[in-house]
Structure formats: structure tokens, C-alpha cells
Amino acid sequence: MTVTISEFFKESANWAFLAIAVPTLFAGWRTVTSNNIVRAVLYLVVSLGGTAGLFFMLGAEFVGWTVVLVYIGAVIILFLIGIMITRAPLGQEADLSHAMNVKAPAALLSTVVFGVITWAMIDAFGNNMIPPFEPTATSDLSLLLFDRFVIPFEVVSFVLLAALIGGIAIARQDEEVVS
Amino acid sequence: MTLIQFLIVATALFSFGLYGVITRKNAVLVLASVELMLAAVNINLVAFDVYLDDPLNSGQIFTLFTIALAAAEVGIGIAIILMIYRNRQSADVDDLDLMKG
């Protein structure tokens with residue numbers, strides 16, 4: 001079964017998909033190219049919000065809201081604190097990227113990576129449709145998380161605890177050593 | 001909806017993140033590019049979870065783990081950048097060439 005372009009645009013869900021995907025990709029592109037450091041981080045917010053929108057489209061509501069809470073709520077704040085504490089050039093254009101001698105090979109490499117992965121995926125999955133699905137119930141997800149996946153869940157909890165303690169230990173101002 | 005449209009968006013975001021990791025000079029923006037790559041992987045995981053109609057929802061569960069690990073990574077990363085800035089008065093990855101021969 002093949003999907004032509006006109007069939008693609010007949011499905012209303014695909015219009016919603018495009019309305020989410022195009023801003024996501026644009027914001028992702030500006031995140032890595034913008035010359036204003038605060039704007040780059042704020043474009044990252046739009047891009048991550050777009051991924052949350054794609055999760056909602058796929059019926060993964062709990063995961064989508066987790067992305068909104070953890071990424072947009074917490075991680076972006078960490079980024080903004082990071083750029084303010086390191087006295088990055090706030091609110092002005094600055095040279096944040098390498099010169100062309102790094103940009104050109106990087107563009108080539110990422111284009112090749114994109115091309116190869118896309119080719120492999122089209123080769124493998126072609127026009128396979130996503131079967132009709134119900135939104136994933138949060139209760140199902142939590143039952144699985146505390147039953148089948150409880151040991152990985154505990155391991156991740158310990159990793160987070162270790163990261164918390166490690167972050168404090170690294171960033172703490174050492175007291176003056178009295179010699 | 002086809003599966004491939006989600007996969008292509010994820011691949012494009014991953015390539016943007018890869019480009020950013022290589023070209024960005026500021027260490028915080030390198031971390032932001034890594035976040036972009038992780039978000040792309042999450043899209044793939046959830047798309048395949050729905051596509052395969054997995055009764056265990058492994059894709060979504062692993063996305064939750066990825067999000068937790070990404071949060072831990074950013075916390076440690078910002079702490080390290082803060083420490084480097086305190087010692088060397090710079091967050092530019094090119095200035096950290098102390099071990100260059």
C-alpha cells in the first residue's frame with residue numbers, strides 16, 4: 001500500500017502533524033544556528049514543546065506532559081541559569097559558532113547522517129501506516145512502571161540521586177584551605 | 001498517519017543536534033544540542049511503541065527513563081561548566097586545551 005502526496009493531505013491528522021512538525025524543525029534549526037544565546041535556548045523550548053505535541057498526537061499523553069514539566073519547566077531554567085552564571089553575552093549578537101572551516105564539514109556530516117538514516121528507514125518501513133490506536137492510559141503506564149519495570153525504575157531513581165549529590169559536590173564553592 | 005513521517009522529523013532533529021554539537025563554541029549550547037538529539041530519540045521510541053502496539057508500552061516507559069537521565073545529565077553538565085568557568089573564566093570549549101600536546 002502506497003500513500004501518495006494527495007492522499008497524505010486528505011487526512012486531517014496530517015495537517016495537524018505538519019502544523020506541529022514544521023515549527024519544531026524550524027525551532028530546532030534556529031537552536032543550533034542562532035547568534036543570540038538566550039534566543040537559542042528559547043528556541044529549544046519551542047522545539048521541545050513541538051516534540052510534546054507529537055507525543056500527544058501519538059496518544060502518549062503522560063509522556064507528553066512529562067516532557068512539558070521536566071524539559072520546559074526544569075531543564076530550560078537550568079540552561080538559563082547556566083548561561084547567566086557563565087557571563088555569556090546576553091541580549092546581543094555574538095559569535096557563538098565556529099567558522100566555516102568547522103561548519104562545512106559539520107553540515108556535510110549531519111546531511112550524510114540524515115540521508116543514510118532516512119534512506120534506511122524508507123527502505124525498511126516505506127509506507128507502513130500507524131494502526132488505529134487508543135490514547136495510552138496513565139494507569140496502564142504506571143502499573144507497568146511499578147510492576148514489570150520496577151527495577152529499572154529504581155536504578156533510574158538512584159542515578160538521579162547520584163546526579164543530585166554529584167552536582168552539589170561539583171558546583172559547591174570550596175572553602176579556603178588553611179595551610 | 002504513516003510511521004515514516006514521525007521518523008523523518010526525528011532524524012532531522014537528530015541531524016540538527018549533531019550539527020550543533022560540532023559547531024557550537026559555548027559549552028551550554030553544546031549541551032542544548034545534545035538535548036535536541038535526545039528529544040529526537042524520544043520521538044522515535046514513542047512512534048515505534050504506537051506502531052507496534054506494544055502491550056508492555058516499552059517505548060513510552062523507556063522515554064520516561066530517557067527524560068530522567070537527560071535531566072540528570074543537564075544537572076551534572078551545568079555543574080561541570082560552572083566549575084570550569086570558575087577556574088578558567090571561560091565557558092568556551094576551545095579554551096579548554098590544557099592537555100593539547
Can you see which heavy atom on [X] is nearest to which on [Y], and at what distance?
X: B/R24; Y: A/T31; answer: NH2-O, 2.9 Å
X: A/A171; Y: B/L82; answer: CB-CD2, 3.7 Å
X: B/T23; Y: A/A106; answer: CG2-CB, 3.6 Å
X: A/T86; Y: B/Y85; answer: O-CE1, 3.2 Å
X: A/L160; Y: B/A72; answer: CD2-CB, 3.9 Å

Flag the pair [X] / [Y] as yes when at least one side-chain heavy-atom distance between them is below 4.5 Å, and no otherwise.
X: B/N42; Y: A/Y71; value: yes
X: B/L29; Y: A/V41; value: yes
X: B/F62; Y: A/F149; value: yes
X: B/M1; Y: A/E11; value: yes
X: A/N128; Y: B/T2; value: no

Can you check whether B/S58's main-chain N or O pairs, donor with acceptor, with A/R148's side chain at less than 3.5 Å?
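Checked: no pair found.
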I'd like to know if the side chain of B/Q60 and the backbone of A/A60 have a donor-acceptor N/O pair within less than 3.5 Å.
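Checking the backbone N and O of A/A60 against the side chain of B/Q60, no donor-acceptor pair under 3.5 Å is found.
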Side chain, backbone, both or neither: which part of [X] has a heavy atom under 4.5 Å from chain B?
X: A/L25; answer: both
X: A/S157; answer: neither
X: A/A107; answer: both
X: A/P105; answer: neither

For the atom pair [atom1] ([X]) and [atom2] ([Y]), what is the distance rounded to the nearest 0.5 Å?
X: A/T118; Y: B/I4; atom1: OG1; atom2: CD1; result: 7.5 Å
X: A/T136; Y: B/I61; atom1: OG1; atom2: CD1; result: 10.0 Å
X: B/L3; Y: A/L58; atom1: CG; atom2: CG; result: 9.0 Å
X: B/I81; Y: A/I83; atom1: CD1; atom2: CD1; result: 11.0 Å

Top residue by heavy-atom pair count (under 4.5 Å) with chain A, among [options]?
options: B/A47, B/S33, B/A32; result: B/A32
options: B/L56, B/N26, B/I8; result: B/L56
options: B/L18, B/I43, B/V30; result: B/I43
options: B/D92, B/D53, B/I84, B/I76; result: B/I76
options: B/G77, B/G75, B/A27, B/A12; result: B/A12
options: B/V50, B/I78, B/V74; result: B/V50

side-chain contact (heavy atoms from CB on, under 4.5 Å) between B/V9 and A/L54: does it pass, once the steps are laid out?
CA-CA 10 Å; B/V9 168; A/L54 291 181; 4.0 Å; yes
Taking every non-hydrogen pair under 4.5 Å, which of [options] racks up the most with chain B?
options: A/V67, A/T33, A/I76; answer: A/T33
options: A/H98, A/M57, A/K103, A/M121; answer: A/H98
options: A/I168, A/V155, A/L78; answer: A/L78
options: A/A163, A/S97, A/A52; answer: A/S97
options: A/V102, A/V156, A/I85, A/L144; answer: A/L144
options: A/L141, A/T111, A/L48; answer: A/L141

Are A/W29 and A/V46 connected in a single hydrophobic cluster, I mean Ile/Leu/Val/Met/Phe/Trp/Tyr linked by side-chain heavy atoms less than 4.5 Å apart?
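A/V46 does not cluster with A/W29.
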Going only through I, L, V, M, F, W and Y residues with side-chain contacts under 4.5 Å, is there a path from A/V150 to A/F62?
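A/V150 and A/F62: separate clusters.
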How far apart are the C-alpha atoms of B/Y51 and A/F133, what are their side-chain angles, what is the distance that settles it, and do they pass the side-chain contact (heavy atoms from CB on, under 4.5 Å) test?
CA-CA 9 Å; B/Y51 171 67; A/F133 56 86; over 6 Å; no
Classify the ring geometry of A/F153 against B/F65: parallel below 30°, tilted from 30° to 60°, perpendicular beyond 60°.
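Correct class here is tilted.
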Name the region of B/I80, side chain, backbone, both or neither, that has any atom closer than 4.5 Å to a heavy atom of chain A.
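It is both, since atoms from each part get that close.
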B/Q5, part contacting chain A, at a heavy-atom distance under 4.5 Å:
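Both backbone and side chain of B/Q5 come within 4.5 Å of chain A.
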Derivation of the side-chain contact (heavy atoms from CB on, under 4.5 Å) call for A/S47 and B/F16:
CA-CA 11 Å; A/S47 198; B/F16 290 164; over 6 Å; no
Are B/F6 and A/F17 close enough that their ring centres sit under 6.0 Å apart?
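Yes - the distance between ring centres of B/F6 and A/F17 falls below the 6.0 Å cut-off.
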Are B/F48 and A/F125 near enough that their ring centres are under 6.0 Å apart?
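Under 6.0 Å, so yes.
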Could you walk me through whether A/T51 and B/L13 pass the side-chain contact (heavy atoms from CB on, under 4.5 Å) test, one step at a time?
CA-CA 10 Å; A/T51 63; B/L13 270 187; 3.9 Å; yes
